[in-house]
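Remarks on the structure that follows.
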Amino acid sequence: MTTSSDSGSNPAAKCPFHQAPTQIAGTGTGSNHWWPKQLRVDLLNQHSNRSNPLGEKFDYREAFKQLDYSALKADIKATLTSSQSWWPADWGSYVGLFVRMAWHSAGTYRMVDGRGGSGRGQQRFAPLNSWPDNVSLDKARRLLWPVKQKYGQHISWADLIILAGNVALENSGFRTFGFAAGREDVWEPDMDVNWGEEGSWLAHRHPEALAKNPLAATEMGLIYVNPEGPNASGDPQSAAAGIRATFGNMAMDDEETVALIAGGHTLGKTHGAGPASHVGEPPEGAPLEQMGLGWQSSFGSGAGPDAISSGLEVTWTRTPTQWSNDFFELLYKYEWEQVRSPAGAIQYVAKDAPAETPDPFDPSKKHRPTMLVTDLTLRFDPEFDKISRRFRDDPQAFNEAFAHAWFKLTHRDMGPKSRYMGPEVPKEELIWQDPLPTAVHNPSAADIAELKQQIAASGLSVSELVSVAWASASTFRGGDKRGGANGARLALAPQKDWAVNQRAVAVLPKLQAIQQASGKASLADIIVLAGNVGVEQAAAAAGVSIEVPFAPGRVDARQDQTDVPSFEVMEPVADGFRNYRRIAGGPTTEELLIDKAQQLTLTAPELTVLIGGLRMLGGNFDGGKDGVLSDRVGVLANDWFANLLDMGTAWKPTDESAERFEGRDRASGEVRYTATRADLVFGSNSVLRALAEVYASADAGRKFVEDFVAAWTKVMNLDRFDLKA
C-alpha cells in the first residue's frame, strides 16, 4: 500500500484502504444498549472448545500424571528467593507475595452459589486481574511464568497459583495440611459471576445486606473487607460484622476466620511508600507496551522500597519470611494508636514500642510494629478476642487451625475428594468435602434389567419417576462441583425438607422398598434408574424405542456425612425446569432459569430440549398443569414446542405480577393452557425461540427424543467424576 505524497496528487484515490476500516467486529452500539434487560442466553456458551487452544482430546488428568512433581516444587522454591530487579523481593523472598496470590485466587469463592474460587485460574482475567485488592499480583504471576513455561500443560495456572502459596508457606517453616491438584484452566473470563451492582470500585456494602447476598466481599474490588474498616472508618470494632459476613459467605466460622487473617498476615507486608496518585492503570487499562503489567508507579523507582500497592505500609511480625506466632504476640503486647501511611491510608502503630520489625531492603533499619484496622478487630471484638487469646497461648492450636482453614480455603471449590490428584492429597475426609461411603453394590446388566422391571411394576407414573430423578440430580452446581444424584441426599436433611422436593420425596418409599428387597443397587442408582424407566416409557408412548444410558456405581450418603448448614443454602430460589419459584422479586424467572441452566453446565439447546421434555413428562414440582401445553402428559412427543409457538393461542398475564399466564384460543376465547414466564420465554426470546422452532417442526419427533435423552443423561451423570477419570 502506498500513502506517501510522491504517489500523485490524490494518493487516496490509488489506495482503497487509505483509512482504517470502520466496520470492526464487535464494535458499534450493541443490542444490550437498546434492550438492557435482554436475557443473557450467551452465558450458556462460555468456555466452549472454540476458546480452548488445547482441543477436545487434551486430558489434564493424564497430563498431570506425567509431571515431575518434586522438581516442580523445587523450581517454585527457587523462584521464591530469586529476586528480580523489575520487582525486587521484600527481604529477598517472595513468600508473602505468593501466599497473597494464592489466598486472593481462592478467596472469591461464595458458598451460596458455588461460583468464584481458584478452580479455573480466573485471576489471570478481568475483572480479577485488575481488582484494586489484587494490585501487584500480576507481578507474582509473571515471576511464576518461567516455571509455568517449563512445565507447560502438565500443570494448570489454577493449580500452580495455589501450589505456589503452599510452597511459600512450607518455605517459611509452616507444615501445610496438603495439596490437591485437579483445577483445569479456562481461556476466557467467567461471565456468570455476579460481583455486584455497583458502578465504581470500593463502594461499601452494608454487612446486613452482605449477609443475605452471595457476594463474598464487602466492597466490589475487594477479596474480603476494607482493611481500613467499613467505609475507611478506622474503627476496628465496627469491622467485625463485615468480617463475619464475608467469611461466612465462604463457609468459614469464627475460628477459621481468625486463623486465616492471622496466618495470612504472619508473612510479608503491605506496600504504601507514597501517594496512590503515582500509581497507573491496572492491567486491563494499561498501555499496550506494558504487556499486561499494570499499576506502574512513578514514585521513585516504582518498586522495592518505593512500591505502592494497597497504600498501607504495614509489616505485621518481626519474622516476615518465617512462620511464627508473632502476630498474636504483638497484637496483645502493645497498645495501638491510629496513624496514616505515607500514602494516606489509615493504619495502627504500636504505641511506645521499640523499633523491632525489620526493613525489607535496609538491614540497618528497624520499624515499630504496625497493624491494619481489621487486624485489631481480632482483639477488640469479644468473640474474636477469645479465639485470638487462645491462639496466642497455644501456638500449636493456631498452626493446626490455620492448616485446616487454608486447605479448606484453597480447595473448597474443587468438589468431592475423588477429583483430587497428586502425592500430597490428605487421607483425612472432611465434612465440607461432602464425603461418600465406599461402594458396596455392583449390579450386573441382568440386575439392572430386573430392577427396571420392578420399577415399571411399582405403580409409579412417568411423571413421578421422572420427578424423583430430576430432583436428585439437578442439585449439581458446576461452580464448586457440589450436589448431584450420587449420595441420594434427596432422602436426607435438608433436601428432603425443601418445598420444591416434596412431590419427589413422596415417591421415595416405593423406591426404597425396591432397593431394600433386592439389595442389588444403591438407592442413588435406583432413583436415577427410575427416571430412565419413565423416560423410556414416555418415548415408547411417542412411538420411539430408545434405551436411556445408565452407569451404575452411585452410593448412598449417611446423614452424618452431610454438611447440613452448607447444603441449606443450596435450596433453589427457583427451578424453571420444574416450574418452581420460592421467592418473589429480584431477578426475573427467566433470568433465574438461565442461572440454573448455567449451574448445570447446560448449553442453550440442552436447556431448550429439557424444558420441553420435562413439561411433556409432567415434571412440575407440584404436579400442576402450568406449562403443560398438551393433553398427552407422559408422552415424549414435541407437542409442547408446537403448541407454544401456535399463533392460534393468545397469551395474557393472570395478574399484575405477570408470573403466570393464560393462553386462550384466538377465535373462541376459550382457555387452552396456563404457563409461567419459564415457559413463554421460549417463544418470546429470539434465541430460545429459534431453538424451540427446531423441535416444533414436523420432522423433529425422533431428534427431540434423542436430544432429550442425551441432555437427561448428562444431568444424571454430572457428579459422576469416576466416569470421567
Next on the checklist: Tell me whether the NZ or CZ atom of Arg412 lies within the 45° cone about the ring axis of Tyr109 and under 6.0 Å from its centre.
Outcome noted: no
Checklist entry - In terms of side-chain heavy atoms, does Tyr673 have a donor or acceptor partner in Glu662 at a distance below 3.5 Å? => result no
Item to check | Residue pairs passing the salt bridge (Lys or Arg N to Asp or Glu O under 4.0 Å) test where at least one lies in residues 705-714, sequence neighbours excluded | outcome: Glu606-Lys714, Arg702-Glu706, Lys703-Asp707
Next on the checklist: Asp413: which residues meet the side-chain hydrogen bond (donor to acceptor under 3.5 Å, both in side chains) condition with it, sequence neighbours left out?
Outcome noted: none
Checklist entry - For the salt bridge (charged side-chain N to carboxylate O under 4.0 Å, His left out) test, which of Asp563, Asp719, Asp434 pairs with Arg482? => result Asp434
Next on the checklist: Within the 3.5 Å criterion, strictly below it, is a donor on Ser522 or Arg554 matched to an acceptor on the partner's side chain?
Outcome noted: no
Next on the checklist: Side chains of Asp159 and Tyr60 only: does a donor on one sit below 3.5 Å from an acceptor on the other?
Outcome noted: yes
Next on the checklist: Set out, in order, the CA-CA distance, both residues' side-chain angles and the distance that settles side-chain contact (heavy atoms from CB on, under 4.5 Å) for Arg115 and Asp190, then state yes or no.
Outcome noted: CA-CA 10 Å; Arg115 295 186 173 101; Asp190 287 337; over 6 Å; no
Next on the checklist: With no hydrogens and no angle check, just 3.5 Å: does a side-chain donor-acceptor pair link Glu56 and Asn49?
Outcome noted: yes
Checklist entry - Does a donor on one side chain and an acceptor on the other come within less than 3.5 Å for Gln123 and Asn129? => result no
Checklist entry - Is the shortest distance from a Lys or Arg side-chain nitrogen in Arg615 or Asp679 to a carboxylate oxygen in the other one below 4.0 Å? => result yes
Item to check | Those residues that, when tested against Glu590, pass side-chain hydrogen bond (donor to acceptor under 3.5 Å, both in side chains) (two or more places apart) | outcome: Arg677
Next on the checklist: Test: side chain to side chain donor-acceptor pair (under 3.5 Å). Region: residues 536-552. Which pairs qualify, not counting sequence neighbours?
Outcome noted: Lys452-Glu536
Checklist entry - Side chains of Gln433 and Arg419: donor-acceptor distance under 3.5 Å anywhere? => result no
Checklist entry - Given Arg503 and Asp622, is the salt bridge (Lys or Arg N to Asp or Glu O under 4.0 Å) satisfied, shown in steps? => result CA-CA 6 Å; Arg503 183 184 181 217; Asp622 58 356; over 6 Å; no
Item to check | Qualifying residues under ring-ring contact (aromatic ring centres under 6.0 Å, His included), relative to Phe682, sequence neighbours excluded | outcome: Trp640
Next on the checklist: Under 3.5 Å, is there a donor on one side chain and an acceptor on the other for Glu659 and Thr589?
Outcome noted: yes
Checklist entry - Going by atom types only, do Asp113 and Gln599 share a side-chain donor-acceptor pair under 3.5 Å? => result no
Checklist entry - According to the interplanar angle, ranging from 0 to 90°, do the rings of Tyr695 and Phe641 count as parallel (below 30°), tilted (30 to 60°) or perpendicular (above 60°)? => result tilted
Checklist outcome for this item: side-chain hydrogen bond (donor to acceptor under 3.5 Å, both in side chains) filter on Arg582, not counting sequence neighbours, yields none
Next on the checklist: Just by distance, no angles: are the side chains of Asp626 and Thr676 close enough, under 3.5 Å, to form a donor-acceptor pair?
Outcome noted: no
Item to check | Ring-face cation contact, Trp195 with Arg110, 6.0 Å cut, 45° max | outcome: yes
